[in-house]
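Atoms considered below: every heavy atom in the structure, side chains included; atoms not considered: hydrogens, waters and symmetry mates.
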Amino acid sequence: MRLRRILPAVTVLPALLVISACSSESDGSDDKKAKSTAKATSNAEEKAAAEAKRIGAMDPQSLQKATLSGKSSGFEFKQVSEADVEAGRDMQADKSECQPIASLAGGYTHIEAVSVEHRSLEPSEATNATVGSMWLASHSQKNAERVMSELRTSLKKCTKGFKTLGLTYKDVKQLKDPSLGDDAVSYRITNVVAKQSVQMTYTVVRVDGVIAAFYGVNMLTPEKSAIPEAVIKAQLEKLD
């Protein structure tokens, strides 16, 4: 069995289980709900596009086109379900100085973005034990710069970690800044899952007003948990 198949809780986002009961007979209510959801989504996208234009950010459609899907650089970029994406949206740290790190652990930036695209990252080769995820967040350039600045401050003040949604994160360690994009920071953090310590390595890059965040897990060789720079560069090239 491949390692990535037994680590769903740590390879994508810290998701909550959502269980729904479905009737075998349709009374038309499902169709009505689908149409209502589609309409709401369309309205939300229109508002996001208008806000992006107002602040000079990348609009949702352009962000989606600029986000990798399929296979590239030894990894497969896969769409993440809406339920998994939403599960991490409200990750509030028990210490305010840790919030930028906590938000990234949930798959978002602590400053609200105009739009966000998520992908899970799975290695194409079974011998590669590094798995993880990626997301792009569209901001005005000013807010994107704030995200990076406040993340660095958080990494200095939150070295002992934090708790959120019943999860424990500890031993926050800033690593050498990679030479990527307009600004980049890398750090390692330990997540305690069912009494097991899991090391995760984050690389967060700013390109103009877009924040590109990557995190990886390698249960066999924790020090190799970072998503390779070749993978990151492949995504960054799409933003140029």
Side-chain angles (χ1 to χ4, degrees), residues 1-15 66-81 83-89 91 100-109 116-137 151 155 164 167 169-178 180-181 184-194 196-207 210-239:
M1 181 181 291
R2 293 186 178 184
L3 180 65
R4 58 177 174 269
R5 293 179 180 175
I6 62 174
L7 293 172
V10 296
T11 60
V12 186
L13 298 174
T67 306
L68 279 174
S69 290
K71 294 182 179 181
S72 178
S73 304
F75 279 78
E76 186 171 3
F77 295 68
K78 292 185 175 181
Q79 291 278 354
V80 181
S81 73
D84 283 347
V85 168
E86 290 300 316
R89 185 181 288 276
M91 288 185 68
I101 304 172
S103 293
L104 286 171
Y108 292 88
T109 50
V116 185
E117 284 288 329
H118 291 83
R119 299 288 185 271
S120 66
L121 301 179
E122 295 184 3
S124 302
E125 298 180 3
T127 54
N128 183 357
T130 299
V131 291
S133 119
M134 171 195 85
W135 54 99
L136 303 185
L151 172 59
L155 290 171
T164 177
L167 301 170
Y169 293 85
K170 63 179 185 178
D171 301 332
V172 181
K173 180 182 180 181
Q174 187 167 354
L175 305 176
K176 181 181 179 181
D177 289 351
L180 296 166
V185 65
S186 182
Y187 61 95
R188 188 165 291 147
I189 187 170
T190 300
N191 183 202
V192 181
V193 180
Q196 183 177 16
S197 294
V198 180
Q199 285 191 0
M200 303 182 293
T201 301
Y202 284 76
T203 303
V204 185
V205 186
R206 180 182 69 82
V207 177
V210 175
I211 298 295
F214 304 78
Y215 89 79
V217 174
N218 188 316
M219 296 293 288
L220 300 181
T221 314
E223 60 270 20
K224 293 183 179 180
S225 59
I227 297 301
E229 282 201 4
V231 178
I232 297 174
K233 288 179 178 178
Q235 172 55 72
L236 298 183
E237 287 174 1
K238 292 274 287 182
L239 293 171

Checklist outcome for this item: Sorted by chain and residue number, the side-chain contact (heavy atoms from CB on, under 4.5 Å) partners of Thr127 (sequence neighbours excluded) come out as Glu125

Checklist entry - Looking at residues at least two apart in the chain, or sitting in another chain, which of them share a side chain to side chain donor-acceptor pair (under 3.5 Å) with Thr201? => result Arg188, Ser225

Checklist entry - In chain order, what residues pass the ring-ring contact (aromatic ring centres under 6.0 Å, His included) check against Phe77, with sequence neighbours excluded? => result none

Item to check | Approximate separation, where rounding is to 0.5 Å, of Gln199 CD and Met219 CE | outcome: 10.0 Å

Checklist entry - Excluding sequence neighbours, so at least two apart, what forms ring-ring contact (aromatic ring centres under 6.0 Å, His included) with Phe75? => result none

Checklist outcome for this item: Of all heavy-atom pairs linking Lys238 and Ala66, the shortest is CB-O, 3.3 Å

Next on the checklist: Could you work out, with side-chain contact (heavy atoms from CB on, under 4.5 Å) as the rule, every residue matching Ser103, not counting sequence neighbours?
Outcome noted: Gln99, His110

Next on the checklist: Is it the case that the side chain of Thr130 and the backbone of Gly216 share a donor-acceptor pair, with hydrogens and angles ignored and the cut-off at 3.5 Å?
Outcome noted: no

Item to check | All side chain to side chain donor-acceptor pair (under 3.5 Å) counterparts of Gln235, not counting sequence neighbours | outcome: none

Checklist outcome for this item: Rounded to the nearest 0.5 angstrom, the CG-CD1 distance for Leu68 and Ile232 is 12.0 Å

Item to check | For Pro178, side-chain contact (heavy atoms from CB on, under 4.5 Å) partners two or more places apart | outcome: Leu180, Ala184, Ser186, Thr203, Glu229

Checklist entry - Who passes salt bridge (charged side-chain N to carboxylate O under 4.0 Å, His left out) against Asp177, sequence neighbours left out? => result Arg152

Item to check | Met134 to Leu121 - nearest heavy-atom pair and separation | outcome: CB-CD1, 4.1 Å

Checklist entry - Can you name the residues that form a salt bridge (charged side-chain N to carboxylate O under 4.0 Å, His left out) with Lys78, not counting sequence neighbours? => result Glu122

Next on the checklist: Please enumerate all residues that pass side chain to side chain donor-acceptor pair (under 3.5 Å) together with Ser197, with sequence neighbours excluded.
Outcome noted: none

Checklist entry - Using 30° and 60° as the class limits, which term best fits the ring planes of Trp135 and Tyr215: parallel, tilted or perpendicular? => result perpendicular

